[in-house]
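See below for the structure under consideration.
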Amino acid sequence: MSTTATAPQRQGRGGRERILAAAAQLFAAQGINATGMEQVAEKAPVSKRTLYAHFRTKNDLVIAHLKGLVLSGDTLESVLAREDIPPRERILKVFDRLPADVGPVRGCPFIDAAAEFPDPESAVHSYARDQKLRMVQLIAAAATELGCREPLALAEQLATLADGAASRAMVLGEADYGRHARAAAEILLERALPDTN
């Protein structure tokens with residue numbers, strides 16, 4: 001009886017983390033819908049039983065992957081929540097070079113996920129939408145700190161620029177494409193600041 005009780009623990013130790021790491025690599029390399037659960041299990045490596053014990057459905061895995069990205073601090077949105085960076089710099093860092101160490105340049109993972117799960121009622125699409133709305137709130141908060149006029153309208157404009165730059169970076173394969181949007185963002189910020197004369 002003790003053998004039966006300990007065997008699943010040995011097999012599952014670190015399994016969730018390995019599954020999420022494998023899913024992240026595969027999703028980045030080939031997209032979410034093109035990645036099968038069997039591929040994830042093989043790359044992890046874990047048994048299909050262990051995979052489904054941690055993630056009952058592929059949707060569960062995708063949402064856990066997206067939540068892991070948020071917690072990792074490796075998203076464009078995460079820099080906006082950093083209190084160690086002045087507000088103007090936080091906003092402009094959204095336009096920094098995208099990570100492109102290995103494989104193709106990927107844009108915003110939340111836009112990618114929403115595109116692959118187009119039904120607005122799906123859990124994945126809803127989570128992606130929530131993150132994009134959070135991004136606008138974070139930009140608006142930074143703009144408010146700067147004393148910008150109409151911070152929410154400015155935040156929508158800057159988020160649109162950032163999302164467009166991330167999408168073009170992915171399509172064109174240019175990790176530093178955000179430099180173009182950053183130039184426009186600097187103009188928008190200058191115009192939104194109160195007159196000091």
Side-chain angles (χ1 to χ4, degrees), residues 1-82 94 96-135 138 162-163 165-178:
M1 180 153 176
S2 63
T3 314
T4 309
T6 57
Q9 290 176 343
R10 272 198 301 264
Q11 183 184 21
R13 187 172 293 147
R16 180 180 173 85
E17 292 75 21
R18 290 197 313 274
I19 292 165
L20 287 169
Q25 291 173 0
L26 290 167
F27 293 163
Q30 59 194 30
I32 296 170
N33 287 334
T35 299
M37 292 294 268
E38 288 188 17
Q39 284 181 292
V40 174
E42 186 177 322
K43 187 162 185 70
V46 296
S47 68
K48 284 193 281 185
R49 180 178 176 182
T50 298
L51 172 62
Y52 286 107
H54 288 289
F55 304 102
R56 289 184 8 202
T57 67
K58 187 172 179 183
N59 280 6
D60 292 340
L61 175 59
V62 173
I63 290 172
H65 162 68
L66 294 175
K67 287 181 177 179
L69 288 175
V70 171
L71 294 174
S72 74
D74 290 338
T75 63
L76 292 177
E77 293 86 352
S78 65
V79 73
L80 293 165
R82 291 183 55 182
V94 169
D96 281 357
R97 179 182 179 87
L98 293 170
D101 302 334
V102 180
V105 174
R106 291 295 180 201
C108 172
F110 305 111
I111 291 175
D112 293 346
E116 292 203 49
F117 291 80
D119 178 0
E121 300 302 316
S122 76
V124 173
H125 193 101
S126 294
Y127 185 80
R129 179 177 53 245
D130 289 346
Q131 292 309 305
K132 300 316 292 179
L133 292 172
R134 179 175 176 264
M135 179 180 177
L138 291 168
D163 288 342
S167 296
R168 288 186 64 80
M170 184 270 296
V171 171
L172 300 175
E174 292 183 35
D176 66 341
Y177 190 87

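Only heavy atoms go into these numbers, but all of them, side chains included; no hydrogens, no water, no symmetry mates.
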Handout entry: Non-hydrogen atoms of A41 and K48 that approach each other most closely
Key = CB-CG, 4.3 Å
Practice task
Answer yes or no: is there a side-chain heavy-atom contact under 4.5 Å between F117 and I63?
Solution key: no
Practice task
Taking the side chain as every heavy atom from C-beta outward, state whether L20 and E17 have any pair of such atoms under 4.5 Å apart.
Solution key: no
Completion exercise
Scanning both residues in full, the closest heavy-atom pair of P120 with H125 reads CA-CD2, 3.5 Å
Fill in the blank from the handout: Heavy-atom closest pair (G15 atom, V46 atom, distance to 0.1 Å) is CA-CG1, 4.2 Å
Exercise for the section: Measure from the side-chain N and O atoms of K58 to the backbone N and O of I32, and report whether any donor-acceptor pair falls under 3.5 Å. Expected result: yes
Handout entry: Atom pair CD (E116) and OG1 (T35), whose distance is rounded to the nearest 0.5 Å
Key = 8.0 Å
Exercise for the section: May I ask you to test the T75-Q131 pair for a side-chain heavy-atom distance under 4.5 Å? Expected result: no
Exercise for the section: Could you grab the distance from atom NE2 of H65 to atom CG of L26, nearest 0.5 Å is fine? Expected result: 10.5 Å
Practice task
Check G36 against Q39 and note the closest heavy-atom contact, atom names and distance.
Solution key: N-OE1, 2.8 Å
Practice task
Let me know which of L66, D163, V124 forms a side chain to side chain contact (heavy atoms under 4.5 Å, CB included) with F110.
Solution key: L66
Exercise for the section: Return yes if some donor-acceptor pair links the side-chain N/O of S126 with the main-chain N/O of A123 below 3.5 Å, else return no. Expected result: no
Exercise for the section: Determine whether K132 and I111 make a side-chain contact, defined as any pair of heavy atoms from C-beta on separated by less than 4.5 Å. Expected result: yes
Practice task
Would you mind reporting whether V62 and Y127 have side-chain heavy atoms less than 4.5 Å apart?
Solution key: no
Exercise for the section: Run the salt-bridge test on D112 and R106 with the 4.0 Å N-O cut-off and return the result as yes or no. Expected result: no
Problem - Partners meeting side chain to side chain contact (heavy atoms under 4.5 Å, CB included) with E174 (sequence neighbours left out) - result: L172, D176, Y177, R179
Exercise for the section: Locate the shortest heavy-atom distance separating R134 from A81; write the atom from each residue and the value. Expected result: NH2-CB, 4.3 Å
Completion exercise
Interatomic distance, OG1@T50 vs CZ@R16, rounded to 0.5 Å, equals 13.0 Å
Handout entry: More than 12 heavy atoms of other groups within 6.0 Å of Q30 CD
Key = yes
Problem - Separation between CD of E38 and CG of L51, rounded to the nearest 0.5 Å - result: 9.5 Å
Practice task
Please name the pair of heavy atoms, one in G107 and one in M170, separated by the smallest distance, quoted to 0.1 Å.
Solution key: N-CB, 3.5 Å
